[in-house]
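Below is one structure, written out as structure tokens; the observations come after it.
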Amino acid sequence: MNALTLWFHRMGSPPTFYAFAERWRPWFLWSGLLLTVVALAWGLFFTPADYLQGDSYRIIYIHVPSAWMGQFVFAVMAVSGFVALVWRIKLAEIVSLASAPIGATFTAIALATGSLWGRPTWGTYWVWDARLTSTLILLFLYFGVIGLSRAIEDRRKAARAAALLAIVGLVNIPIIQYSVYWWNTLHQPSSVRLFRGETTIDPSMLWPLLLMAVATKLYYAWSLLGRAQAMVLEQESGKDWVRQLATADRNA
């Protein structure tokens with residue numbers, strides 16, 4: 001068993017996972033906040049205005065990272081749901097369910113900021129554009145996962161049902177990504193395609209955007225670990241290690 005496999009195996013233990021989350025959450029939070037301040041200050045005050053959109057383009061430093069995170073979190077949710085279904089790992093179920101509210105929030109922010117950006121750019125807050133519509137469907141899929149997980153009393157059955165919906169809904173992610181190429185849409189094609197070396201955005205605008213993308217992932221890690229900790233404590237409430245933890249907190 002290699003080191004990575006051993007690490008994942010250990011993380012499947014609730015006490016080990018809880019201790020890991022307790023140790024690293026503050027680091028994720030403070031590093032994420034620091035990067036957020038730097039990225040927003042850089043993007044809002046020190047980058048030049050766009051030659052076509054003027055200063056209105058600066059909303060990308062919130063809109064684009066949020067849109068990326070909405071898709072990224074759903075992919076994490078679907079993959080962890082698949083792991084939970086195949087290998088019956090409780091922690092994977094928790095990660096999948098804990099991710100849903102976070103991803104829904106990012107997707108809602110992306111839609112809201114996209115509408116604000118669309119008003120000066122397209123002359124309207126909303127059009128039934130392929131990219132916008134598929135992103136709205138993504139938000140509804142998040143709501144579906146959240147609602148399904150709460151509608152079934154048996155937690156294991158609820159987690160499995162939510163995982164199936166997440167896996168099926170994963171087909172929407174490539175639709176969001178390639179909608180601007182498959183259909184005639186108002187939404188512009190992606191300006192940042194790092195893995196293909198086709199980035200068209202100026203480096204002075206790109207770097208704060210990338211910093212903000214890292215910051216949102218650090219926030220996701222912080223929030224996910226916190227939600228997962230709460231769910232682990234709820235599921236393991238009768239175990240000795242939880243009682244010892246509660247006793248230690250009372251004596252602290």
- Message: For W126 and W128, take the angle between the two ring planes, folded into 0 to 90°, and tell me which bin it lands in: parallel under 30, tilted 30 to 60, perpendicular over 60.
- Response: perpendicular

- Query: Can you tell me if S99 and Y220 form a side-chain donor-acceptor pair at under 3.5 Å?
  - Reply: yes

- Search all heavy atoms of A98 against all heavy atoms of L224 and return the closest pair with its distance. CB-CD1, 3.7 Å

- Without swapping roles, check the side chain of R25 against the backbone of W222 for a donor-acceptor pair under 3.5 Å. yes

- Message: Whether E234 and R155 form a salt bridge (side-chain N of Lys/Arg under 4.0 Å from carboxylate O of Asp/Glu) is what I want to check.
- Response: yes

- Message: Give me the atom names and distance for the closest heavy-atom approach of F28 to S31.
- Response: O-OG, 3.3 Å

- Query: What about V73 and I167, same hydrophobic cluster or not, with Ile/Leu/Val/Met/Phe/Trp/Tyr joined at side-chain heavy-atom distances under 4.5 Å?
  - Reply: yes

- Query: Hey, does the side chain of T133 reach the backbone of D129 with a donor-acceptor pair shorter than 3.5 angstrom?
  - Reply: yes

- What pair of heavy atoms forms the shortest contact from M11 to T16, and how long is it? CE-CG2, 3.5 Å

- Task: Answer yes or no: is there a donor N or O on one side and an acceptor on the other, between the side chain of S179 and the main chain of I176, under 3.5 Å?
- Result: yes

- R243 side chain vs G238 backbone, donor-acceptor pair below 3.5 Å: yes

- Taking atom types as modelled, find out whether R58 and T47 have a side-chain donor-acceptor pair closer than 3.5 angstrom. yes

- Check: Y142 side chain, G70 main-chain N or O, donor-acceptor pair, under 3.5 Å: yes

- Specify whether W182 and Y178 have parallel, tilted or perpendicular ring planes, treating 30° as the upper limit for parallel and 60° as the lower limit for perpendicular. parallel

- Message: Test your reading of the model: is there a side-chain donor-acceptor pair from D50 to the backbone of D55, 3.5 Å cut-off?
- Response: no

- Message: Please check this pair: side chain of R131 against backbone of I175, looking for a donor-acceptor N/O pair closer than 3.5 Å.
- Response: no

- Item | Side-chain heavy atoms of L233 within contact of L245, under 4.5 Å | yes

- Could you go step by step and tell me if W68 and F106 meet the ring-ring contact (aromatic ring centres under 6.0 Å, His included) rule? CA-CA 9 Å; W68 286 345; F106 276 119; over 10 Å; no

- Message: I'd like to know if the side chain of H63 reaches the main chain of A110, judged simply by a donor and an acceptor atom lying under 3.5 Å from each other, with no hydrogens or angles considered.
- Response: yes

